[in-house]
Chemist: 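I'd like to ask some things about the structure below.
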Amino acid sequence: MLRTTQSRISLSSLHLRHSTPRAHCYRRAYATSYTSLSSRYETYYGGSIKTFYNSTLTGLSPAENEFREAVWEFSARVVKPKSEVIEREGGDSETHEYKTLIEVHKEMAEMGLHGVTVPTEDLTSSLGLGLSYTHHLLAMEAISYSSASLALSYGAHSNLCVNQLSRWGSDDQRAQWIPGLLDGTYIGALAMSETGAGSDVLGSMMTVTKKVDDGYVLNGNKFWITNGPKADVFVVYARDVVEPGAKQTYTTFLVPRTTPGFSTGKPLDKFGMRGSPTCELIFEDVFLPSTSVLGDPVSLQGKGAKILMSGLDLERLVLSGGPLGIMQAAYDTAVDYVHQREQFGVRVGTIGSMQAKLAEMYTKVNTARTFVYAVARAVDYHNAEAQKQGLGPKDKGYTYPPFQRRDCAAAIMYATDKAIEVAMECMQCLGGNGYINDYPAARYLADARLYAVGAGTQEVRRWLIGREVNSDFE
Amino acid sequence: MRPSPARLLNILVPVKRAVDYAVKIRVNPQQTGVDLNVKHSMNPFDEIAVEEAVRIRERLPKGSEPINITALTIGPPKSIETLRTALAMGADTAIHVEIPESAPAPEPLGVAKAIRAIIEKHKDKEGVDMVILGKQSIDDDLGQTGQMIAGLLGWGQATYASKIDLNLEQKNAVVTREIDGGLEQVRVKFPMIITTDLRLNEPRYASLPNIMKAKKKPVTKLTPADLGVSFEPQMEILKVTEPPKRVGGAKVESVDELVEKLKAAGFNAV
């Protein structure tokens, strides 16, 4: 089940005059903003990535485009060469070291990728870039193009953990954790799902927290936790013990790995996203001081549901970059292959039925991307407006943008559906070769499939959008 | 009253926006040049120059003379991106001599004269101590600019540098040059021109924080008129063609056959 290196008959005609920079006469060239848009494809790191990403449709500002090109260059230079190793190490059932993933995690830290949405003047760290969710989405897409597994771990770390901590954490908590999370020392994770609590995450949650004298005691299990095997700190949601008949509340905690009573299970053997470490978390009478409550222990105790729900919109938005990246990679692979493979004396890409496939794939990639980018822009706009009035999600006067919930859910729902379709079609375009693990098609499909159940299921997303639409009529 | 600060070491790094090295270039239909609607980036040798300037600053012991690195480019509006790259790598300020989009690419003599004009402008302030640039640019491979600047200014030059050892007390540098026969060491006094060769260093990649900081660094815009120079081309390109396509060879069975074929092709014994 381990992937071997790509066979020679393949996609390497993409590699123009590329050779390892030290050997070659001319060094790597730094990607520069390339909005002249006259070439039909973009290249990064000397052609290591050649992508038919259509930047005329993105509506990105020149600054956003520069950012995008910088992260794609990083993806080509740092992530792509290691993507196979990351998959292989993840699939290794003997040692679960994830050595290369951790290395790249540190390189991403040097690049400044972990704190894209963390404010720069955050009293805790100067590594935050203070940029928008659009930027984070762009970074996620670029990484996902080269390694969907790494992108998933990156998303869980930088958005699920870091962003929640940055938005809700107390000054002390941020001072304690943000610098290490941003500079690559720590890996973060977030835990809400359980074996018995997936879609009904709040209603069926069994991990309970009981208030004791100077803190809380946590008991329960979490499941399907990305980065679980390697994370140093976890944002954990737990159900509060309340009086019978009283309203059920939840509390969010910051749990360091070293807390006594906390342990992790064996990494899960997954169908796809094999490079990303996933496991069960076990809490056995874990004592947490009051300072572990995420944010203010008084005002945010029992507010776990609010914190959880607010994070989900942004999680869906940023993680939409995952399927977008996979989809573009699948399209690029397919379109290149069908112009190399010849049958009946012609390149198979010129045969009508194949052209139709390319047309479908092309349209899906670009519609999904355009929609997701539009949602990101709307979210950023509302954030900026709220900030102008000095309001944050913690503040009383903060009003929730009316379309945000349904739009973020729609973004990831649509991107995921299309990514799975495009990946499936990519496998078909490669014919028999799509079925061999030497080619990336199988990996794209397996990786894309995750998003139909990860960060929410397609069914919940549909139910939620419907509920939001219906609420307009109440 | 505070004593005036120690004199800054001013390094000027001219950089050029050129066709990206990985692009598969094609001759344009008019056969006057190559299709320029392709990806551009900083000339790789100029990247090495920027990196060396930044390393010179990093190599200085703490508390010594502060250094100012100014990146300079002559080009159309898009060339600002090349300056941003230099600023993101560690340059402090930048100068953009803007020429129209439609103007032909400046030639080395024009560039050298413009650089002389800029240096002369700076003479009234703190002056330029060192100009470090790539030995050649990968689009025209002319390799003349550095030498021309030295000639026009009457400064010492060390070209094809693969190692630079500055001695600020003695106000000179020992530079190892890559020449055909091997390596040569020269000592050159301040102020100096250095052109960089491939093995001088490996340029750093700018991180996102540095890219963002670069946006705040000052860029001065100038026009050729401000400098009193003209970039009127002195050369006229008559024709650009691709090299002839390789044709297949033929195998021979023996040395005699080889000699026969060579004679038939017009090669005679010397």
Side-chain angles (χ1 to χ4, degrees), chain A residues 13-19 21-22 24-50 62-63 65-67 69-71 73-74 76-78 107-116 120 125-131 135 139 182, chain B residues 15 17-26 35-51 73 76-86 88-89 101 134 136-139 141 196-216:
Chain A
S13 80
L14 304 173
H15 297 239
L16 311 169
R17 267 192 277 141
H18 166 68
S19 57
R22 279 172 214 264
H24 200 279
C25 214
Y26 299 126
R27 276 222 77 252
R28 101 288 191 262
Y30 190 96
T32 56
S33 185
Y34 177 51
T35 42
S36 64
L37 308 172
S38 23
S39 180
R40 305 236 175 109
Y41 57 83
E42 298 182 342
T43 58
Y44 294 97
Y45 197 52
S48 165
I49 283 183
K50 174 187 171 186
N65 222 38
E66 263 182 50
F67 179 92
E69 288 174 359
V71 294
E73 181 75 15
F74 177 85
R77 174 172 59 88
V78 176
E107 288 182 273
M108 289 167 85
E110 273 169 32
M111 185 63 181
L113 282 165
H114 291 313
V116 177
T120 342
S125 163
S126 57
L127 286 179
L129 298 183
L131 294 172
H135 290 91
L182 296 201
Chain B
V15 298
R17 177 174 177 268
V19 172
D20 185 277
Y21 82 92
V23 169
K24 248 194 173 122
I25 49 174
R26 277 194 285 227
D35 178 16
L36 292 174
N37 273 328
V38 292
K39 181 171 184 169
H40 283 64
S41 35
M42 192 192 291
N43 177 31
F45 293 105
D46 295 337
E47 282 174 353
I48 295 175
V50 175
E51 175 66 22
T73 200
K78 278 189 272 213
S79 304
I80 188 85
E81 295 154 5
T82 316
L83 288 178
R84 291 277 169 228
T85 306
M89 285 171 73
E101 179 77 40
Q136 69 200 61
S137 77
I138 62 171
D139 48 8
D141 278 333
T196 63
D197 207 330
L198 202 59
R199 277 151 286 275
L200 179 58
N201 62 45
E202 194 177 322
R204 66 196 57 197
Y205 293 92
S207 66
L208 291 169
N210 284 339
I211 292 172
M212 289 174 62
K213 277 187 213 142
K215 291 193 209 289
K216 303 201 183 107

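From a predicted model like this one, the values you see are computed outputs, not experimental measurements.
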Chemist: Between A/Leu131, A/Leu113, A/Val71, who has the most heavy-atom pairs with chain B when the cutoff is under 4.5 Å?
Modeler: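 Answer, by heavy-atom pair count under 4.5 Å with chain B: A/Leu131.
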Chemist: Of all the heavy-atom pairs spanning A/Arg77 and B/Tyr205, show the shortest one and how long it is.
Modeler: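 That closest heavy-atom pairing would be CD-CZ, 3.0 Å.
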Chemist: Please report the shortest heavy-atom distance between A/Gly112 and B/Pro209, naming the atom on each side.
Modeler: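 In terms of heavy atoms, the two residues are closest at CA-CD, 3.9 Å.
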Chemist: Going by heavy atoms in the side chains, are B/Lys215 and A/Glu66 under 4.5 Å from each other?
Modeler: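 Contact flag for B/Lys215/A/Glu66 side chains = yes.
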Chemist: Identify the heavy atoms of A/Leu129 and B/Met212 that sit nearest to each other, and give their distance.
Modeler: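 Heavy-atom minimum between the residues: O-CE, 3.2 Å.
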Chemist: For B/Ala22 versus A/Gly47, what's the shortest heavy-atom pair and its separation?
Modeler: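 Closest pair (atom of B/Ala22, atom of A/Gly47, distance): CB-N, 4.2 Å.
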Chemist: Measure from NZ or CZ of B/Lys39 to the centre of the six-membered ring of A/Tyr41, then state whether that distance is under 6.0 Å and the direction lies within 45° of the axis.
Modeler: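 No, cation not above the ring by the 6.0 Å, 45° rule.
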Chemist: To the closest 0.5 Å, what do you measure between OG1 (A/Thr43) and NZ (B/Lys24)?
Modeler: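 One finds 11.5 Å between OG1 of A/Thr43 and NZ of B/Lys24.
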